[in-house]
Number of protein chains: 2
Amino acid sequence: MATGRTHRPATRSRGIPEATVARLPLYLRALTGLSERSVPTVSSEELAAAAGVNSAKLRKDFSYLGSYGTRGVGYDVEYLVYQISRELGLTQDWPVVIVGIGNLGAALANYGGFASRGFRVAALIDADPEMAGKQIAGITVQHSDDMERIISDNGVSIGVITTPPGVAQQVCDRLVAAGITSILNFAPTVLTVPDGVDVRKVDLSIELQILAFHEQRKAGEEAAATDGAGPVAAVRGESADKGPDGDVPAVMPA
Amino acid sequence: MATGRTHRPATRSRGIPEATVARLPLYLRALTGLSERSVPTVSSEELAAAAGVNSAKLRKDFSYLGSYGTRGVGYDVEYLVYQISRELGLTQDWPVVIVGIGNLGAALANYGGFASRGFRVAALIDADPEMAGKQIAGITVQHSDDMERIISDNGVSIGVITTPPGVAQQVCDRLVAAGITSILNFAPTVLTVPDGVDVRKVDLSIELQILAFHEQRKAGEEAAATDGAGPVAAVRGESADKGPDGDVPAVMPA
DNA sequence: CCATCTTTGTGCACGCGTTCACAAAGACAT
DNA sequence: ATGTCTTTGTGAACGCGTGCACAAAGATGG
Ligand SMILES: NC(=O)c1ccc[n+]([C@@H]2O[C@H](COP(=O)([O-])OP(=O)(O)OC[C@H]3O[C@@H](n4cnc5c(N)ncnc54)[C@H](O)[C@@H]3O)[C@@H](O)[C@H]2O)c1
Ligand SMILES: NC(=O)c1ccc[n+]([C@@H]2O[C@H](COP(=O)([O-])OP(=O)(O)OC[C@H]3O[C@@H](n4cnc5c(N)ncnc54)[C@H](O)[C@@H]3O)[C@@H](O)[C@H]2O)c1
């Protein structure tokens, strides 16, 4: 914690919009793909298509980082990869601890996509004595008792919670007390944290429920359409704000 | 840009804002907890606290569903649970298929939180012949060859993709061709789908990178504060997040 | 050096989402 | 019935994010 309530209205220059920050990893992924295929430069239009966003949005996003493009040509792929990596803080290695090594925690530990992005699984922690000592993805699971020491010794600031929801808040509290300032929470729980600590959540159930909502609406529309009633209603067609190349329109499997 | 046409502001009443839809599951979870403890009614203030949102926002969200509260008292828990469930389409059962039964797919299959929310894992599908026939969470893994039949026979409209990124698009195409109209994608790939198909993605790497960005900023601020001789103050107020929620949806429509 | 062509960077307008603040609605006591 | 008290439902203001449209910048060719 510490960080006293800085209610500053942003210092003007370094204020990158949150929405932009959330898209930078997307651009970075697309750029990495181009880099691997040795593509030297890319236009905003092409890159936007690869990232699945609007080209104007992409240009505006990049404008927050600086003027890294060349008019008439585009962006230098390697240079942009570096700039975005630096902006996201990926030029350094981030040690991460995963707490709760069950189905999900083990899957994450086994995931190779971590290291390739500058994240290193520094430790796996579980409260079950049976788990302690077991090897998962080449890493030995350690017991919760040593949580504070593990975090301190490894200088970890990012923690992933994959414990049952009932204990997520207390695990969170302990992580924060031990020095963690960023948490990725997979447990379906609202975590309360002190100021200065970031929490992001991934909730599978919520995602499915959102899909179900739209699915139901689609079914309703369809019923209203085939049911004989006029095509009057036709609730808005928003739905998936599809990719850049709005290709292949209507298939409409009515 | 979206679909281009359809500038309709929703057919009047049934136009629930996307941001509201994304919060309904959150309210539902909080309400379910209250219901289990036999709490009869709850005020917007209390429920908002439990869901980790602003009470005004919650009231406005509910106002889109109708006037289900009683002034001076609050909301009837059971009634609200029913109304939100109905709105989200959870009064019916949604069969779901998971494609790609590796680390992550298996973890999801083992997850019990599905059924409790009205989702039923109808089938597990994998391209590996070795996997076919194996039992996971009491469900027999089936081979990709039968994908179309499986989806058709079970009337599945929601699919979860947990295959390697390289094959995600083709798996997606096949799912869509087979009748799937909602997809939850865990592979780090931008999926292109025809109009009328919803895609939501969950990308762990992106989440971590966003955390890293804020983490780096926090470290920079701290250094500038304690070091005193910071070259460029680059401070940017906007401490972590506002409320205890830390909004910003983890996924975005593709 | 000038003309043309391509693509960036951004001013501007618009729409969505959030938050405030308060009148209206109902419960409850007298 | 009447008054008081609590809490909802929402009008309105505001801020953020998005997308359009275009001038400026630079590359390229003559
Ligand atoms: N498995 C999934 O696909 C999935 C999907 C969405 C959400 N989730 C959520 O993720 C979390 C984990 O799910 P899971 O299926 O892996 O559960 P799990 O039961 O398989 O694993 C939980 C692990 O946490 C450990 N644990 C329990 N209390 C602990 C504590 N106090 N400190 C440290 N470790 C502790 C347990 O020993 C166990 O190993 C749950 O909250 C679940 O709701 C899981
Ligand atoms: N494991 C994680 O924690 C994690 C985290 C974030 C993202 N992801 C992403 O999720 C996906 C799956 O990760 P994983 O660790 O489970 O990988 P994995 O290799 O363990 O599993 C992939 C599975 O997909 C199957 N498969 C391959 N091609 C297929 C096809 N055409 N049709 C059907 N099935 C096919 C494979 O047989 C395998 O069983 C990957 O895209 C990965 O990037 C995983």
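Reminder, nothing fancy here: chain letters follow the sequence lines and each chain counts from 1.
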Expressed as a whole number of angstroms, how long is the span from Glu18(B):CD to dG15(C):C1'? 15 Å

d(CG, Leu80(A); C1', dT8(C)) in whole Å: 13 Å

Has the side chain of Lys60(A) got a donor or acceptor atom sitting under 3.5 Å from an opposite partner on the base of dT18(D)? no

Atom pair distance, as rounded to whole Å: CD in Glu46(B) and C1' in dT8(D): 14 Å

For nucleotides 24-30 of chain D, read 5' to 3', which letter fits each nucleotide if B means a protein heavy atom sits under 4.0 Å from the base, S means only the sugar-phosphate is that close, and - means neither? BB-S---

Heavy-atom closest pair, residues Tyr68(B) and Arg86(B): OH-NH2, 3.7 Å

For Ser67(B) and for Asp61(A), find the nucleotide of DNA chain D with the closest heavy atom, then tell me which residue's nucleotide is more 5'. Ser67(B)

With a 4.0 Å cutoff (strictly under), does any side-chain N or O of Tyr75(A) reach OP1 or OP2 of dG9(C)? yes

Rounded to whole angstroms, how far apart are CD on Glu45(B) and P on dT7(D)? 9 Å

How far apart are the closest heavy atoms of Tyr27(B) and Val53(B), and which atoms are they? CE2-CG2, 3.7 Å

Judged by atom type as modelled, is there a donor-acceptor pair below 3.5 Å linking the side chain of Arg59(A) to the main-chain atoms of Ser44(A)? no

Would the distance check show the side chain of Glu45(B) and the main-chain N or O of Ser55(B) forming a donor-acceptor pair, the cut-off being under 3.5 Å? no

Nearest heavy-atom pair of Val77(A) and Val42(A): which atoms, and what distance? CG2-CG1, 4.0 Å

To the nearest Å, give me how far apart CG (Leu58(A)) and P (dC20(D)) are. 14 Å

Whole-Å gap separating C1' (dT7(C)) and CG (Leu47(A)): 14 Å

Any sub-3.5 Å donor-acceptor pair from Glu46(B)'s side-chain atoms to Ser43(B)'s backbone N or O? yes

From OH of Tyr64(B) over to C1' of dT8(D), roughly how many Å is that when rounded to an integer? 15 Å

Does the Arg29(B) side chain pair with the main chain of Pro188(A), one donor and one acceptor, at a distance under 3.5 Å? yes

Between Lys57(B) (NZ) and dG15(D) (P), how many Å, whole number? 16 Å

Any idea which of dG9(D), dC20(D), dT18(C) is nearest the Asn54(A) side chain? dC20(D)

Give a yes/no on whether any side-chain N or O of Ser44(A) is located under 4.0 angstrom from OP1 or OP2 of dT8(C). yes

With respect to the side chain of Arg59(A), which nucleotide from dT19(C), dG17(D), dG9(C) is positioned closest? dG9(C)

